[in-house]
Amino acid sequence: MAELSTAYEPAEVEVSWYQRWVEGGCFHADESSDKEAFSIVIPPPNVTGILHMGHVLNNTIQDVLCRRARQEGKEVLWLPGMDHAGIATQTRVEKMLREDGQTKHDLGREKFLEKVWEWKEKHGGIIIEQLKRLGCSCDWERERFTMDEEYSAEVTKTFVHFFEKGNIYRGKRMVNWCPVSLTALSDEEVIMKPQNSKLFYMRYELVEEPGKFLQIATTRPETLMGDSGVAVNPKDPRYAHLIGKHAKRPFPAAEIPIVADEHIDIEFGTGVLKVTPAHDKADFEIGVRHNLEIIDVLHPDGTINCPEVPELDGMDRFPARRKAVEMLEEMGLLDKVEEHENNVGYSERAGVPIEPRLSMQWFLRYPQVERATEAVANGEIEMRPARWKKTYLHWMENLQDWCISRQLWWGHRIPVWYRKDKAAELQGAESLDRGNMERGEIHVGSEPPSDPENWVQEDDVMDTWFSSWLWPFATMDDTARAKFYPTSDLATGPDIIFFWVARMIMAGFEFTGEKPFGHVYFNSIIRDIKGRKMSKSLGNSPDPLDLMAKYGADGLRFGLLRMAPTGLDLRFDEKQIEEGRNLANKLWNACRYRLMVGDAGVGGLDAANRPENLPIYAVDILAKLDALAGRLDGAYADYKFNDIAAQLYEFFWSNFCDLYLEAIKDDFKGSEERKHATLWTMDVVLARLLQLFHPFMPHVTEELWTRLEFGTEEFLATTPAVKGLVLEGLAADGIAAAQGQTAAVFETASKTRNLKAEYNLASNKNVRLVLKPAAEWVAAEAETLALLVGAEGVSIEAEPSMPKGTPAAVTPMGEIYMPLEGLIDVEAEKGRLDKELEKTEKELEKSTKKLGNDRFIERAKPEVVEQERTRLAEWEEKIARLREMRKSL
RNA sequence: GCGCGGUUAGCUCAGUGGUAGAGCAUCACCUUGACACGGUGGAGGUCACUGGUUCAAAUCCAGUAUCGCGCACCA
């Protein structure tokens with residue numbers, strides 16, 4: 001018999017099993033298999049990323065699904081990989097260069113990209129190793145990267161495809177500009193944040209009415225050099241007379257027209273807007289409507305570009321704001337300043353306010369919008385929790401063209417070449433589309449032009465999401481696709497429903513004619529205990545590796561899933577993880593106990609050799625196990641991971657450990673037959689339980705599976721789940737009777753322990769008990785009862801004669817008396833019985849009232865009425881006995 | 001402004017019409033031959049509020065309050 005240590009130490013066990021699984025090929029997906037396919041593609045983490053709690057939750061869910069599918073005999077592909085993360089990676093490498101006093105321009109594009117690849121090989125993909133530590137059962141032979149050669153070819157092809165179809169065009173538009181990353185961003189990459197700003201009320205003098213002023217409120221005085229007009233609402237009587245006249249812009253001094261535009265909110269500020277078409281989306285549109293000049297007063301990096309105002313020229317936009325205010329004040333044009341909360345768009349990556357900026361960008365008109373909308377609307381693609389469907393549909397109805405170009409070097413370069421002789425003209429052209437290609441002015445193709453010396457390639461690269469939206473199929477070759485596409489499930493966070501999920505659906509239909517996945521499961525967003533989002537800057541994000549070191553990967557996985565509500569935010573508390581570790585330890589010790597009481601291998605997954613005579617406790621636990629398996633099937637079908645975890649926990653901890661294991665401890669002193677039946681039962685329950693726990697806690701279950709010799713040579717990870725009930729063929733009324741008796745014994749034990757506690761007897765103090773049996777069968781279970789409550793023995797007496805004041809209780813097995821020498825306290829016992837009586841009478845009153853209501857008898861379901869009658873009878877019986885006991889005092 | 005979600009024990013959360021639950025925390029007792037990462041027994045809830053439907057409401061409906069999220073947006 002192998003000795004097991006008293007406490008489970010996960011660290012070594014986990015790492016070593018992971019290695020054995022990989023070496024054993026447990027996670028390898030075989031496309032030539034006849035088995036039904038199950039596939040998931042990982043939401044590719046950033047190559048710069050490190051594992052955080054969100055990853056842990058998301059990937060544990062995927063691992064559970066994959067491991068469960070393997071147990072169900074499916075051919076499972078979990079395809080892993082990483083995303084090249086354009087902005088994040090380029091920023092990282094640029095920072096490294098800066099530390100050496102260099103910029104990317106010193107190196108040039110090609111050399112810089114070499115550096116990025118170098119960085120990637122050396123430092124990239126830490127997260128992959130971390131996923132392995134977590135136990136993720138990915139097929140690592142198929143790891144993909146969005147910048148791989150084959151993958152990149154797919155991305156380029158996609159661009160060419162859409163350009164030729166006319167979905168892609170280039171144009172000068174207002175886009176979200178990140179002054180730190182120096183690139184355009186898509187609308188989805190901008191996060192609106194409420195800001196405590198200031199609203200400055202300033203005065204512009206009227207040209208036509210010298211000495212009279214127009215008061216204007218603004219939050220951005222630093223852009224007033226770009227004002228090319230002043231706008232009021234045409235319905236605003238205060239300003240009607242000014243429309244068509246002019247105002248004096250303070251610096252650089254200019255006369256700008258006053259126009260009327262419906263967009264102006266009469267209520268806001270003074271009802272007058274300074275129009276800065278180059279630096280605000282709404283202003284741009286007003287400018288277009290009224291033919292106002294577009295004056296760009298910002299450099300791409302957010303510094304002021306206005307040589308005419310040297311005080312401000314070259315300053316950063318925020319100091320410039322303060323300076324501009326000072327200047328206005330000095331000129332006597334600032335009336336007042338108000339505190340004002342407004343929403344400011346921030347760059348998701350760089351964390352700074354974006355600037356609306358007019359620039360030349362590439363756009364995509366989304367394809368397959370109708371098909372992609374319909375597929376989710378009609379349930380062809382199912383989203384869970386279902387409410388995300390609405391969010392998705394709402395977004396699909398309001399699609400704006402996707403700005404797919406980024407002014408970066410790291411990424412898939414746009415496969416467009418301009419004719420050298422016309423390059424300058426073409427690059428500056430207001431719009432560019434397939435017409436230019438047809439006229440031979442540009443070359444758009446997967447391959448460069450055959451005479452490259454005559455062409456100049458477009459500098460921009462594509463948005464990283466423009467590569468990840470192909471992920472479900474671009475990661476697979478034709479054979480893999482034939483077997484594993486469409487993928488079965490997608491598990492991801494709701495925060496990327498637009499970035500990724502919606503776009504994948506559109507791309508899937510466009511390129512494969514099929515949906516990319518059948519179900520989308522949106523996991524919770526993890527917050528800290530105060531409900532704040534986890535972030536590096538707040539320092540409220542625990543390092544999952546630390547947690548795994550402390551509690552084991554299994555503990556982390558289980559603890560997180562047990563408390564992860566389906567689709568609500570999850571407030572993370574390390575206590576939950578501790579609970580996971582405790583569970584692993586409890587599993588370990590239950591198995592340790594099994595090995596202490598008998599040699600391994602008496603029973604296992606196969607329940608065919610079931611002993612003839614099973615003790616009632618065996619019947620009870622096996623019946624509960626059979627029921628559990630059925631309930632878990634249902635919970636898996638609904639993706640209720642927290643429910644699955646809670647049910648496993650409850651069955652194992654409460655039913656198996658607290659009740660069953662405590663009730664069978666004397667079996668090993670008894671007959672060989674009884675001993676064998678109990679060892680067999682323990683093995684059957686443990687084998688099945690380890691299998692059921694395995695998707696959640698793969699390492700400890702695999703270790704125990706081996707220790708208990710359940711698998712001869714095979715891994716638990718690849719052992720198919722058993723189907724069928726352990727108690728198959730056993731008479732239902734026999735099972736029910738055994739369960740009834742077992743429940744009665746446990747309840748009696750609980751009542752009796754309570755009696756002991758009320759008399760301040762230590763739980764390990766053996767007392768003497770007398771039982772007046774309520775049924776014939778109870779005599780046979782008296783010894784077990786004694787074991788459970790800590791008693792020297794339980795004597796069965798039909799008419800016990802007890803000294804007055806002997807502590808007693810009414811239980812399902814009968815009346816229990818606890819004779820205590822020299823400790824009789826009649827008053828105490830009276831008080832105790834009175835309390836019990838009072839409680840029971842309250843219950844009786846409730847039942848009586850219910851059953852006295854004719855409408856209840858008439859309208860309630862018959863079984864409910866019947867149940868209530870049974871209850872009433874039970875209360876009455878109990879009260880009668882309690883009263884009798886009370887009287888005898 | 002539009003949409004979605006939450007409000008149940010001190011905390012984190014289960015609970016879709018029929019006797020209010022779990023874990024943690026707390027109190028008391030217990031190192032009993034699996035486990036103190038443990039055991040036993042307690043205490044702790046007018047299920048946010050108001051009204052309605054129903055024999056019966058934490059659960060269904062309407063409204064209110066409050067917290068949060070998403071979209072749009074205020075210069």
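Contact between the side-chain N/O atoms of A:Lys850 and the OP1/OP2 oxygens of B:G18 is not found at any separation under 4.0 Å. One finds a side-chain N or O of A:Asn582 lying less than 4.0 angstrom from the OP1 or OP2 phosphate oxygen of B:G38.
For B:C24 and B:G17, the P atoms lie 29 Å apart once the distance is rounded to whole Å.
Evaluation of atom-type donor-acceptor distances gives a pair under 3.5 Å for the side chain of A:Lys665 against the base of B:A34. The base of B:A34 sits with one of its N or O atoms less than 3.5 Å from a complementary donor or acceptor on the side chain of A:Glu662. Side-chain to base pairing of A:Asn343 with B:C73: one donor and one acceptor N or O lie within less than 3.5 Å of each other.
Across all strands shown, B:U32 has no partner, as no Watson-Crick or G-U wobble contact with both distances under 3.5 Å is found. As the counterpart of B:C60, B:G52 is assigned, both hydrogen-bonding distances of the Watson-Crick or G-U wobble pattern falling under 3.5 Å. Here B:G17 sits opposite no nucleotide as a Watson-Crick or G-U wobble pair (both hydrogen-bonding atom distances under 3.5 Å). B:A22 and B:U12 make up a base pair, with Watson-Crick or G-U wobble contacts both under 3.5 Å. Under the Watson-Crick and G-U wobble criteria, each requiring two contacts below 3.5 Å, nucleotide B:U7 is paired to B:A65. Searching all strands for a Watson-Crick or G-U wobble partner of B:C47 with both distances below 3.5 Å returns nothing.
For the pair A:Lys336 and A:Tyr201, the cation-pi criterion (under 6.0 Å, within 45° of the ring axis) is fulfilled. At least one test fails for A:Arg527 against the ring of A:Phe572: distance under 6.0 Å to the centre or angle within 45° of the axis.
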Query - Steps toward salt bridge (Lys or Arg N to Asp or Glu O under 4.0 Å) verdict (A:Glu843, A:Lys878) - result: CA-CA 11 Å; A:Glu843 295 297 339; A:Lys878 191 170 173 186; over 6 Å; no
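Of the residues listed (A:Glu578, A:Glu574, A:Glu9), the one engaging A:Lys550 in a salt bridge (Lys or Arg N to Asp or Glu O under 4.0 Å) is A:Glu574, and it is the only one.
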